[in-house]
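Data block below; observations after.
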There are 2 protein chains.
Amino acid sequence: MKKGEQVTIHDIAKALGIDSSTVSRALNNSTRVSKTTKQKILDKATELGYQRNTLASNLRTNKTNTIGVIVPRISRNFFSSVISGIEETAQKAGYNVIICQSFEDFEKEQKLMETLLSNRVDGVLISISMQTETFDHLMPYLNHGGPIVFYDRPCYIENCSSISVDDYKASFMATEHLIENGCKNIVHFSGPQINPLYKNRKRGYVDALKKHGLNFNENYCLESKLSENDGIVFAKEIIKMGHIDGIYSSNDTAAIAAIQYLKSKGVNIPKDIAVVGFNNDPISSVIEPSLTTINQPDFEMGKTAASLLIQQIQDTSFKKTSKVLDVELIVRQSSQHKKV
Amino acid sequence: MKKGEQVTIHDIAKALGIDSSTVSRALNNSTRVSKTTKQKILDKATELGYQRNTLASNLRTNKTNTIGVIVPRISRNFFSSVISGIEETAQKAGYNVIICQSFEDFEKEQKLMETLLSNRVDGVLISISMQTETFDHLMPYLNHGGPIVFYDRPCYIENCSSISVDDYKASFMATEHLIENGCKNIVHFSGPQINPLYKNRKRGYVDALKKHGLNFNENYCLESKLSENDGIVFAKEIIKMGHIDGIYSSNDTAAIAAIQYLKSKGVNIPKDIAVVGFNNDPISSVIEPSLTTINQPDFEMGKTAASLLIQQIQDTSFKKTSKVLDVELIVRQSSQHKKV
DNA sequence: CTGTTAGCGCATTCAT
DNA sequence: ATGAATGCGCTAACAG
């Protein structure tokens, strides 16, 4: 950005023989400038190719009209939809959005929080990384008075709102759906149990089994560290067990890999083994059109999160809120296989 | 961001009885400050919870150490990989990255360019929207001396570097592959021909046919506007034509939909109809593991683009460069069906 | 090595 | 309705 080329409000002022403060007012649409001068200023501004220096403006006003979004990975369809929602709401309210990926890495997340703070974003939306277990890295930002709203992966921190889906209910519905379609031996693809999200999902699974008088077998809960290969490992395990007739997966990636592997071994989905998983990734429905899926309101979540954050930015007396969005079970095709 | 809470270099200076300029130097790791005072300053800074105000710093130095990235949609796997590449290279060079989505919308793209300019980003990486046909919206930024590098969708504008893949060659290879595997009637899923990218791909397709003595039939070139439903429409068309035995698709989304539809109608892929398409979207390989795909160096492209841009930022005498990356044909399984 | 001085571009209080 | 004056937080030239 070369320096000589910068047109400032002073240049406009000088060219018009008026003061820069008047120019500033005109550019900010103040009522305290006469219509005629305002028009002259606007004209001159475009004539000279003036472009506001947001940096200076932000420094002066101590706000940036920008919200920072920390997301584990934008490549996950669920998250990119959430971001779309965030952007829509933010834009309507006149806020810019800075998107940052943590890649599920705690250190990266720490650095990002620092950057966002030093860039003085007006608020932060964050879905914490899977590695994140402590929250000290959020404190500097919070102490500076910046609001944080958690989305998808809730955190129970003082004064921070959060927005998530009802994981327990989703799991319960999914498991119950399998049971109602005749499954008796249902495996659960789970995730790290340190994470409340996966804990809740497991609870939902267990409770649904209970409700229908099925035994909970700890071996049926296959815990993944969210790596790519888990699906194959799980699929092999299932084949070894022999009598599995249902899978409830709270892990897209693993489910996809597992289904592919099972199919390649001649297992018929859903006749032999019915599967219910989350479907915010379009892959899941593509790979197996019959798949029953749990639909998370991703776009909605983004909009809600942004709107909550913006409220809090604009009204400092805003009280913490926690919203839980409902999920929906999408049954594309009957999963009935009633082996019995 | 509350104001009272801001700790500035002056606070540190006052607490230590020294001048703020020394503090500034220490914080910027200048050599012109003694080790001992530097340490004292650093200690005091953390003690007081000092956080640099990047805004002020940027205003003063007239640079932001930030590069803006305009991307059509982050949800497309190709682009999110490119972004990962950009982020990696940028971070290593000490630059922050601002990601903005144009959603293939020209007006949105215009607004984003304005925002990036007024935020004084040091450089811009852009993959222009499919709607974009004029480039006036880039001029203000260029006139301010900001460098722009085009990625994936090249634009021939003075002084702007661009980086893309060899679309012509990719198409040629893909089509030839089909021919060599016995296809005689090959359809091409194409995109808007105003766009050089799709033009080049079509050329490659046509030339490969020519080389192998096959007639080019204009009806075999199915032009898509990149909407979701095109794939189904195309598939129906193919079935109607009756004798198609090969598809070269330069349009992921359409290809996936078409394959699914064809399969549902009992067409065997690749025995009846062989398909070659781009695979940066993992869906394509998931839906049909036998698919031969064109692999675009997405991550690489991001790294190259960022590195080009950063060079140009740091060395104003840097001359425009246009790089064309090579593609790779990945044959997962023989597509031979030699109907003949 | 450290202090002094002077702004970066803009917005705002206080005059007029 | 407009101008004058001040400073946001930081860096950099200059001086010592």
Side-chain angles (χ1 to χ4, degrees), chain A residues 1-42 44-45 48-65 117-122 144-145, chain B residues 1-42 44-45 48-65 117-122 144-145:
Chain A
M1 197 106 314
K2 265 181 255 158
K3 195 168 165 179
E5 328 252 352
Q6 290 226 32
V7 181
T8 74
I9 53 174
H10 294 101
D11 298 322
I12 301 177
K14 209 169 289 171
L16 257 40
I18 57 175
D19 192 84
S20 62
S21 58
T22 308
V23 177
S24 172
R25 279 189 278 260
L27 261 23
N28 287 312
N29 229 331
S30 163
T31 53
R32 295 145 48 115
V33 180
S34 79
K35 272 209 159 188
T36 48
T37 38
K38 188 183 283 187
Q39 194 53 53
K40 266 192 284 186
I41 290 170
L42 260 40
K44 187 56 87 181
L48 298 181
Y50 169 79
Q51 298 291 145
R52 151 193 297 249
N53 187 329
T54 310
L55 260 45
S57 173
N58 290 345
L59 174 62
R60 182 62 233 263
T61 58
N62 214 44
K63 57 199 179 74
T64 54
N65 280 306
L117 169 50
S118 81
N119 276 86
R120 298 296 190 268
V121 296
D122 292 340
H144 278 248
Chain B
M1 198 105 317
K2 267 181 256 157
K3 195 168 162 180
E5 328 252 352
Q6 292 226 31
V7 180
T8 75
I9 53 173
H10 294 101
D11 297 322
I12 300 178
K14 209 169 290 170
L16 257 40
I18 56 175
D19 192 83
S20 62
S21 58
T22 308
V23 176
S24 172
R25 279 189 280 259
L27 261 23
N28 287 311
N29 226 332
S30 163
T31 53
R32 293 146 43 118
V33 61
S34 79
K35 271 209 159 187
T36 49
T37 37
K38 187 182 285 188
Q39 195 52 54
K40 265 192 285 187
I41 290 168
L42 260 41
K44 188 56 88 180
L48 298 181
Y50 169 80
Q51 298 291 144
R52 150 195 296 247
N53 186 329
T54 310
L55 261 45
S57 172
N58 290 345
L59 175 61
R60 185 59 231 261
T61 57
N62 213 46
K63 56 201 180 71
T64 54
N65 281 306
L117 169 50
S118 81
N119 275 87
R120 299 294 190 269
V121 296
D122 292 340
H144 278 249

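Throughout, protein chains are lettered first and strands after them, A, B, ... in sequence-line order, and every chain is numbered starting at 1.
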Inset, instruction - With the side chain of A:N53 defined as its heavy atoms from C-beta on, choose the nearest nucleotide among C:dT2, C:dG9, D:dG9. - result: C:dG9
Inset, instruction - Answer with base, sugar-phosphate or nothing: what part of the nucleic acid does A:T61 contact at a heavy-atom distance below 4.0 Å? - result: sugar-phosphate
Inset, instruction - Classify the nucleic acid contact of A:L55 as base, sugar-phosphate or nothing, counting any heavy atom under 4.0 Å across all strands shown. - result: nothing
Inset, instruction - Ignoring the backbone of B:T8, work out which of C:dG9, D:dG9, D:dA4 is nearest its side chain. - result: D:dG9
Inset, instruction - May I ask you to check whether B:S21 and B:S24 show a side-chain donor-acceptor distance below 3.5 Å? - result: no
Legend entry - Between C:dG3 (P) and B:L16 (CG): distance, integer Å: 10 Å
Inset, instruction - Starting at atom NE2 of B:H144, determine the distance to atom P of C:dG9, rounded to an integer number of angstrom. - result: 12 Å
Legend entry - Contact nearer the 5' end of DNA chain C, comparing B:A56 with B:K38: B:K38
Legend entry - Any donor-acceptor N/O pair, B:D122 side chain to B:K63 backbone, under 3.5 Å: no
Inset, instruction - Give the nucleotide from the list C:dG3, D:dA4, D:dT2 with an atom nearest to the side chain of A:V33. - result: D:dT2
Legend entry - Rounded distance (Å) that lies between atom P of C:dC10 and atom CG of A:L59: 12 Å
Legend entry - Side-chain (A:K38) to main-chain (A:S30) donor-acceptor, under 3.5 angstrom: yes
Inset, instruction - Look at the side-chain N and O atoms of B:R32 and state whether any lies under 4.0 Å from the OP1 or OP2 oxygen of D:dA13. - result: no
Legend entry - Integer-rounded Å distance: C:dG3 C1' and B:I12 CD1: 17 Å
Inset, instruction - Can you tell me the distance, in whole Å, between the CZ atom of A:R60 and the P atom of D:dC8? - result: 8 Å
Inset, instruction - Identify, between B:H10 and A:G17, the residue whose nearest nucleotide on DNA chain D lies closer to the 5' end. - result: A:G17
Inset, instruction - Find which nucleotide of DNA chain D each of B:R52 and A:T36 is nearest to by heavy atoms, and output the residue with the more 5' nucleotide. - result: A:T36
Inset, instruction - Check whether any side-chain N or O of A:N53 sits under 3.5 Å from a backbone N or O of A:L55 as a donor-acceptor pair, and report yes or no. - result: yes
Inset, instruction - Would you please confirm or rule out a distance under 4.0 Å between OP1 or OP2 of C:dA11 and any side-chain N or O of A:N28? - result: yes
Legend entry - Validation row: A:L16, A:K40 side chains within 4.5 angstrom (heavy atoms): yes
Legend entry - Whole-Å gap separating C1' (C:dT12) and CD1 (A:I9): 11 Å
Inset, instruction - Please evaluate the base of D:dG3 for a donor-acceptor partner in the side chain of A:R25 within a cut-off of under 3.5 Å? - result: yes
Legend entry - B:R52 and A:N119: side chain donor to acceptor below 3.5 Å: no
Inset, instruction - Quickly work out the A:Q39 CD to D:dT2 P distance and round it to whole Å. - result: 13 Å
Legend entry - Integer-rounded Å distance: C:dG9 P and B:N119 CG: 16 Å
Inset, instruction - Using only side-chain N and O atoms of A:T37, determine if any of them is under 4.0 Å from OP1 or OP2 of D:dT2. - result: yes
Inset, instruction - Please work out if A:L27 contacts a base, only the sugar-phosphate, or nothing of the nucleic acid, heavy-atom cut-off 4.0 Å. - result: nothing
Legend entry - C:dA11 OP1/OP2 closer than 4.0 Å to side-chain N/O of A:S57: yes
Legend entry - Candidate nucleotides C:dG9, D:dG3, C:dT4, ranked by approach to the side chain of A:T22 - the nearest: D:dG3
Inset, instruction - Output yes when at least one side-chain N/O atom of B:S24 is less than 4.0 Å from OP1 or OP2 of D:dC10, else no. - result: no
Legend entry - Under-4.0 Å side-chain N/O to phosphate OP1/OP2 contact, B:S34 with C:dT2: yes
